[in-house]
Protein chains: 2
Amino acid sequence: MVDHQYAFKQFTDYLRSEGKSITPERLDILDLVLHEKGHFRIEDVIRKNERVSRATVYRTLKTIEDAGLIKYIRTIHDEKIFEVVKEHHDHMICEVCGKIIEFHDPELESLQNDICASRGFSPTRHTMKIFGICPACQKRRSQENTPA
Amino acid sequence: MVDHQYAFKQFTDYLRSEGKSITPERLDILDLVLHEKGHFRIEDVIRKNERVSRATVYRTLKTIEDAGLIKYIRTIHDEKIFEVVKEHHDHMICEVCGKIIEFHDPELESLQNDICASRGFSPTRHTMKIFGICPACQKRRSQENTPA
DNA sequence: AAAATAATTGAGACTGATTCTCAATTATTG
DNA sequence: CAATAATTGAGAATCAGTCTCAATTATTTT
Ligand SMILES: [Mn+2]
Ligand SMILES: [Mn+2]
Ligand SMILES: [Zn+2]
Ligand SMILES: [Zn+2]
């Protein structure tokens, strides 16, 4: 999904450009994060790392975020959920099962830019979350409401 | 901006429909909240209320939120910011001064619905935040970069 | 209106998440 | 390699938010 080689270069370049050290802890966390599929929580990273301390996990996730390699969203329950930054996309979040569906729509993006332009606002990034019910949960519900 | 009379009715109706009591604490908090202009933080409400306990402020804001009269967004620094629910709108948030600009665009809304429909997702609500630089901060910046 | 019942409140303890402190360790620089 | 600067780990501290439970207040019932 994401070129690890390239991500490591991005990260080390970022560290150097900021005068930060390249430490095994930082590289380990990045490696772990790159191997996560989809969305993950901080506690996942803490647990999967016997080696690196909790404090450093927090510090390093922040650093990786600052480097632009990961970002986070908030679920309906306000939980922080991280993900590796790929192409830009937005999210649909199921209020029943919590499933997160990613989508991207160029028309939507350009419309947003138009809206900003019309107000003299210079956008750098955005987040959009649509809450609702995913197809699977809709099906499950309609079945429950139609007993045999 | 919002009809207080009507908001109180909405709230008391909600409380009754849920078998909840109509208490002076709840009415006080709602009143305070309705008098807030724009966006406010929980701590604002706690401070402005010598009378009502912290726990009850939290509980009551949750109740008012459940009644659909307020909602919250997260700033760039992850602070919870409440606001009284008016017509639906989205937000532009200035990364320099923190200013929150509200906007509404029907085209954007219908496009979102189309996108959901095309994926079989049944939307109930959404939040969209565009981060960037507001007109005022843009002007300030360009002036600073053009010394006399 | 008083009694009985049900819900709410306040104070402070508690929780879980995140940040901080600082001495010990490790990376970088020349 | 020595000197210097940055990072780390362990646990203390902080912070927002939640919980407990006895005392209080609202609602419902006689
Ligand atoms: Mn995603
Ligand atoms: Mn708003
Ligand atoms: Zn679902
Ligand atoms: Zn601004």
Shared hydrophobic cluster, A/Phe82 / A/Leu27 (ILVMFWY, side-chain heavy atoms < 4.5 Å): yes
Report, one pair per line, the protein and nucleotides 27-30 of chain C atoms (nitrogen or oxygen only) whose separation is under 3.5 Å.
residue	atom	partner	partner atom	Å
C/dT28	OP1	A/Ile22	N	3.2

Phosphate OP1/OP2 of C/dT19 contacted by A/Tyr58 side-chain N/O (<4.0 Å): no
Along DNA chain D (nearest heavy atom to each residue), the more 5'-positioned of A/Asp78 and A/Arg59: A/Arg59
Between C/dA17 (C1') and A/Arg54 (CZ): distance, integer Å: 9 Å
Touch class at under 4.0 angstrom, heavy-atom based, for A/Arg41 against every strand present: nothing
Side-chain heavy-atom pair A/His88, A/Arg125 within 4.5 angstrom cut-off: no
NZ/NE/NH1/NH2 to OD/OE distance under 4.0 Å, B/Glu25 and B/Arg59: no
Approximate separation, where rounding is to 0.5 Å, of A/Tyr14 OH and A/Asp66 CG: 4.0 Å
Sole candidate of A/Lys37, A/Lys71, A/Arg41 that passes salt bridge (Lys or Arg N to Asp or Glu O under 4.0 Å) when paired with A/Glu83: A/Lys71
A/Ile70 side, atom CD1; A/Leu61 side, atom CG - distance, nearest 0.5 Å: 4.5 Å
Sugar-phosphate, base or nothing in reach of A/Arg26, heavy atoms under 4.0 Å: sugar-phosphate
DNA chain D: 5'-most and 3'-most nucleotides touching chain A, 4.0 angstrom heavy-atom criterion: D/dA6 to D/dA12
